[in-house]
Amino acid sequence: MSRRCEVCGKGQVSGNNVSHSNRHTRRKWNANIQTVKVTENGTTRRVKMCTRCIRSGRKVSGAN
């Protein structure tokens, strides 16, 4: 499953864990992606969307 928002394109970001002794190990941050129902042109379909887009109203509500 792709962890990418279909609206804004937000996805996984990588970086480092940094310990107290300053050792660096790779880690990743996943975007908070939810599957929501959206109405487009009178049809309802499922879209993977980040919670920021859902909250900001970029979602046109379909059935809950």
Side-chain angles (χ1 to χ4, degrees):
M1 177 177 106
S2 77
R3 306 273 311 168
R4 186 161 298 276
C5 177
E6 292 181 23
V7 177
C8 68
K10 181 188 284 189
Q12 181 175 288
V13 179
S14 63
N16 288 312
N17 274 329
V18 182
S19 69
H20 184 65
S21 64
N22 209 30
R23 290 177 60 111
H24 289 60
T25 54
R26 298 299 285 178
R27 63 157 294 175
K28 59 188 175 186
W29 288 268
N30 286 323
N32 190 357
I33 304 294
Q34 305 294 323
T35 304
V36 292
K37 289 183 181 176
V38 173
T39 356
E40 289 180 349
N41 302 326
T43 60
T44 304
R45 68 183 195 100
R46 292 181 187 269
V47 176
K48 291 177 188 157
M49 195 178 287
C50 68
T51 52
R52 179 73 54 96
C53 288
I54 295 170
R55 187 186 71 179
S56 67
R58 293 186 186 178
K59 166 181 172 317
V60 180
S61 295
N64 289 332

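Residue indices begin at 1 and follow the sequence shown. What you are looking at is a predicted structure, and each value in this text was computed from that prediction instead of being measured.
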Those residues that, when tested against [X], pass side chain to side chain contact (heavy atoms under 4.5 Å, CB included) (two or more places apart):
X   : result
S14 : R26
T25 : N17
H20 : none

Using side-chain hydrogen bond (donor to acceptor under 3.5 Å, both in side chains) as the criterion, list what pairs up with [X], not counting sequence neighbours.
X   : value
T43 : none
R4  : none
Q12 : none

Approximate separation, where rounding is to 0.5 Å, of E6 CD and M49 CE: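 With rounding to 0.5 Å, CD (E6) is 7.5 Å from CE (M49).
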Interatomic distance, R46 atom CZ to T35 atom OG1 [nearest 0.5 angstrom]: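 Interatomic distance, R46 CZ to T35 OG1, rounded to 0.5 Å: 7.5 Å.
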Which heavy atom in [X] sits nearest to a heavy atom in [Y], and how many Å separate them?
X   : Y   : value
R27 : N16 : CG-C, 3.8 Å
I33 : K10 : CD1-O, 4.2 Å
C50 : C8  : SG-SG, 3.7 Å

